[in-house]
J.: 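Got a structure here, written out as structure tokens. Questions coming.
Remember, predicted model here, so these are calculated numbers, not experimental data. These numbers come from the heavy atoms of this one structure, side chains and all, not from hydrogens, waters or symmetry mates.
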Amino acid sequence: MAISLKGRSFLTLKDFSPEEIRYLLSLAHDLKSKKRAGIPGQALKGKNIVLLFEKTSTRTRCAFEVAAMDEGAGVTFLDKNSSQMGKKESIEDTARVLGRFYDGIEYRGYDQALVEQLAECSGIPVWNGLTDVDHPTQALADVMTLEENTKKPLDQCKLVFCGDTRNNVAYCLMYICAKLGIDYVGWGPAELAPAEDVLAWCRAEGEKSGASFTISSDLAAVRGADVIYTDIWASMGEEDKIPQRVALLTPFRVTPEVMAAAENPACIFMHCLPSFHDFETKMAREQRELGYDIREVTDEVFRSRASKVFDEAENRLHTIKAVLVATIGG
Ligand code: CP
Ligand code: NVA
């Protein structure tokens with residue numbers, strides 16, 4: 001049967017079948033080719049979407065805006081200071097109002113329950129633009145980037161996530177690996193291991209797809225990686241944890257030695273961005289003054305030929321466009 005995602009929300013990849021995820025990936029590749037060829041889209045003509053950001057963003061916001069505009073939709077952006085939501089108006093009432101105005105809602109914030117509530121109360125598709133425990137549009141772009149860079153079928157690939165293996169990006173990667181049969185290794189300190197229920201869900205799903213899940217602090221676990229992936233050590237809202245994270249995560253910084261430990265010349269480096277790979281940011285400099293080196297990857301790896309981070313960032317646009325077109329497109 002033909003796949004249709006019309007009217008569906010996109011809150012977590014756990015809700016989607018492998019076939020539905022492959023459909024979104026295939027649509028994203030198609031939309032990327034069309035954009036490259038200068039073929040304009042009209043799939044969202046006459047639609048309007050609203051973007052709610054309680055946390056800051058560069059890629060996700062711009063990807064939603066450009067994706068919507070490329071396909072003919074109107075966009076409203078609201079940051080945490082420019083709506084009544086949560087302060088003078090409940091989430092339920094806000095959702096019910098936005099559901100009368102718009103065709104879809106993007107939400108980035110803290111609580112996964114909030115994005116679920118928006119979906120429940122608004123009556124229109126809601127897209128998760130990152131919460132404390134998930135970032136599903138990121139994982140879609142990451143697998144698209146892997147597909148562009150590997151000659152192997154996805155179910156023969158191995159992805160190693162280095163560092164804070166219980167953060168939102170690690171979790172969404174675990175979910176997509178579980179769905180698509182990609183072997184997953186979380187290489188980090190035991191103190192930051194994934195939650196037992198997350199691991200149990202992934203292992204159960206992996207039984208169907210063939211994906212294995214290994215959590216290890218041993219560098220040997222990196223061997224055979226097709227992708228070495230990392231993220232910042234203290235996610236948005238966790239800045240007060242920087243001292244303890246630096247102590248725990250410095251041994252898991254991605255260096256040329258870590259890349260070499262893959263023993264795979266075709267291994268690529270990926271990162272959701274933003275990244276601390278040098279001291280060209282205010283935060284990295286301020287923390288250095290305090291005695292903390294917060295770089296999760298060296299500049300050498302970040303700028304190496306193996307690094308696909310900017311292709312990956314571009315693919316946020318094409319995958320988010322695929323999600324919009326699939327769920328609200330005409
Ligand atoms: N990767 C990502 O979500 O980037 P932004 O925080 O800039 O949206
Ligand atoms: N883990 C990071 C991802 C940013 C895209 C954060 O939540 O800040």
J.: Donor-acceptor pair, distance only, cut-off 3.5 Å: does the side chain of N168 make one with the backbone of T131?
T.: yes
J.: Does any non-hydrogen side-chain atom of N128 lie less than 4.5 Å from one of Q112?
T.: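 Yes. Closest side-chain heavy atoms under 4.5 Å.
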J.: If only side-chain N and O atoms count, and only distance matters, is there a donor-acceptor pair under 3.5 Å linking E257 with T255?
T.: yes
J.: Decide yes or no on side chain to side chain donor-acceptor pair (under 3.5 Å) for N315 and T145, but give the supporting numbers first.
T.: CA-CA 7 Å; N315 286 338; T145 311; 3.0 Å; yes
J.: Could you check whether H277 and D299, counting side-chain N and O atoms only, form a donor-acceptor pair closer than 3.5 Å?
T.: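 Present: a donor and an acceptor within the cut-off.
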J.: If only atom types and distance count, is the side chain of D30 paired as donor or acceptor with the main-chain N or O of S26 below 3.5 Å?
T.: no
J.: Please say which of Y171, Y184, W201, F161 ends up in a ring pair (Phe, Tyr, Trp, His ring centres under 6.0 Å) with F213.
T.: Y184
J.: Evaluate whether atom CD of E19 has more than 12 neighbouring non-hydrogen atoms of other residues, nucleotides or ligands under 6.0 angstrom away.
T.: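 Enclosed.
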J.: Clusters formed by hydrophobic residues whose side-chain heavy atoms approach within less than 4.5 Å: which one holds M236, and what are its other members?
T.: L130
J.: Output yes when a side-chain donor or acceptor of T230 lies under 3.5 Å from a complementary backbone atom of C162, and no otherwise.
T.: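 Checking the backbone N and O of C162 against the side chain of T230, a donor-acceptor pair under 3.5 Å is found.
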J.: Mind checking salt bridge (charged side-chain N to carboxylate O under 4.0 Å, His left out) for D231 and listing every partner two or more places apart, or none if nothing turns up?
T.: none
J.: Can you name the one residue among R253, R285, R288 that meets salt bridge (Lys or Arg N to Asp or Glu O under 4.0 Å) with D293?
T.: R253
J.: Quick one: does any side-chain atom of E20 pair with a main-chain N or O of S17 as donor and acceptor, under 3.5 Å?
T.: yes
J.: Please find out if less than 6.0 Å separates the ring center of F10 from that of F16.
T.: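 Ring centres of F16 and F10 closer than 6.0 Å.
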J.: Would you say K158's side chain and R223's backbone share a donor-acceptor pair under 3.5 angstrom?
T.: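 Here the side-chain-to-backbone pair exists.
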J.: Return yes if some donor-acceptor pair links the side-chain N/O of T150 with the main-chain N/O of L146 below 3.5 Å, else return no.
T.: no
J.: Heavy atoms only: give me the nearest I320-A63 pair and the separation to one decimal.
T.: CD1-CB, 3.6 Å
J.: May I ask you to check whether W233 and F252 place their ring centres under 6.0 Å from each other?
T.: no
J.: If you count every heavy atom of other residues, nucleotides or ligands that lies below 6.0 Å from R96 atom CZ, does the total exceed 12?
T.: no
J.: When you measure from the side chain of T250 to the backbone of A247, do you find a donor-acceptor pair of N or O atoms at a distance under 3.5 Å?
T.: no
J.: Are side-chain N/O atoms of T12 and D134 paired as donor and acceptor at under 3.5 Å?
T.: yes
J.: Fit a plane to each ring of F64 and W127, take the angle between them on a 0 to 90° scale, and name the class: parallel (under 30°), tilted (30 to 60°) or perpendicular (over 60°).
T.: tilted
J.: Salt bridge or not between E238 and K241? Use side-chain N to carboxylate O under 4.0 Å.
T.: no
J.: Check this for me: does any side-chain nitrogen of one of K47 and E71 sit under 4.0 Å from a carboxylate oxygen of the other?
T.: no
J.: Would you kindly say whether D183 and S212 are connected by a side-chain donor-acceptor distance under 3.5 Å?
T.: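 Checked: D183/S212 side chains pair up, N/O donor to acceptor below 3.5 Å.
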J.: Compute whether any side-chain donor of one residue and acceptor of the other, for T60 and R108, lie under 3.5 angstrom apart.
T.: yes
J.: Counting only pairs under 3.5 Å, give me each side-chain donor-acceptor contact of residues 187-200, with atom names and distances, residues two or more places apart or in other chains.
T.:
| residue | atom | partner | partner atom | Å |
| --- | --- | --- | --- | --- |
| W187 | NE1 | S217 | O | 3.4 |
| W187 | NE1 | D218 | O | 3.3 |

J.: Please give the remaining members of the hydrophobic cluster of L98, linking ILVMFWY side chains under 4.5 Å, ordered by chain and number.
T.: L11, V50, L52, L78, M85, I91, V97, F101, Y102, I105, Y107, L114, V115, L118, I124, V126
J.: Under 3.5 Å, is there a donor-acceptor pair between the side chain of E296 and the main chain of F276?
T.: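 Pair found, side chain donor or acceptor close to backbone of F276.
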J.: In this structure, are over 12 heavy atoms from other groups packed under 6.0 Å from K88 atom NZ?
T.: no
J.: Quick one: are N48 and V75 in side-chain contact, heavy atoms under 4.5 Å?
T.: no
J.: Given T94 and Q84, is the side chain to side chain donor-acceptor pair (under 3.5 Å) satisfied, shown in steps?
T.: CA-CA 8 Å; T94 306; Q84 317 281 21; over 6 Å; no
J.: Can a salt bridge be assigned to the pair E106 and R61 using a cut-off of 4.0 Å between side-chain N and carboxylate O?
T.: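 Looking at R61 together with E106, the answer is no, because their closest N to O distance does not fall below 4.0 Å.
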J.: State, with a plain yes or no, whether a side-chain heavy atom of V258 is found less than 4.5 Å away from one of I228.
T.: yes
J.: Do V325 and K321 have side chains that approach each other closer than 4.5 Å (heavy atoms only, starting at C-beta)?
T.: yes
J.: Give me each pair satisfying side chain to side chain donor-acceptor pair (under 3.5 Å) with a member in residues 36-46, each pair once, sequence neighbours excluded.
T.: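 Qualifying pairs, neighbours excluded: R36-E314.
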J.: Would you say that more than 12 heavy atoms from the other residues, nucleotides or ligands in this model lie under 6.0 Å from the NZ of K55, or not?
T.: yes
J.: Using a strict 4.0 Å threshold on nitrogen-to-oxygen distance, state whether D278 and R303 make a salt bridge.
T.: yes
J.: Report yes or no: do H271 and E312 form a side-chain donor-acceptor pair below 3.5 Å?
T.: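 No, no side-chain donor-acceptor pair sits under 3.5 Å.
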J.: Under the rule for salt bridge (charged side-chain N to carboxylate O under 4.0 Å, His left out), what residues qualify as partners of E207, not counting sequence neighbours?
T.: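 So E207 forms no salt bridge (charged side-chain N to carboxylate O under 4.0 Å, His left out) with any residue.
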J.: Counting C-beta onward and ignoring hydrogens, is there a side-chain heavy-atom pair between V185 and V222 closer than 4.5 Å?
T.: no
J.: Answer yes or no: does atom CD of E148 have more than 12 heavy-atom neighbours from other residues, nucleotides or ligands under 6.0 Å?
T.: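 Counting other residues, nucleotides and ligands, CD of E148 exceeds 12 neighbours.
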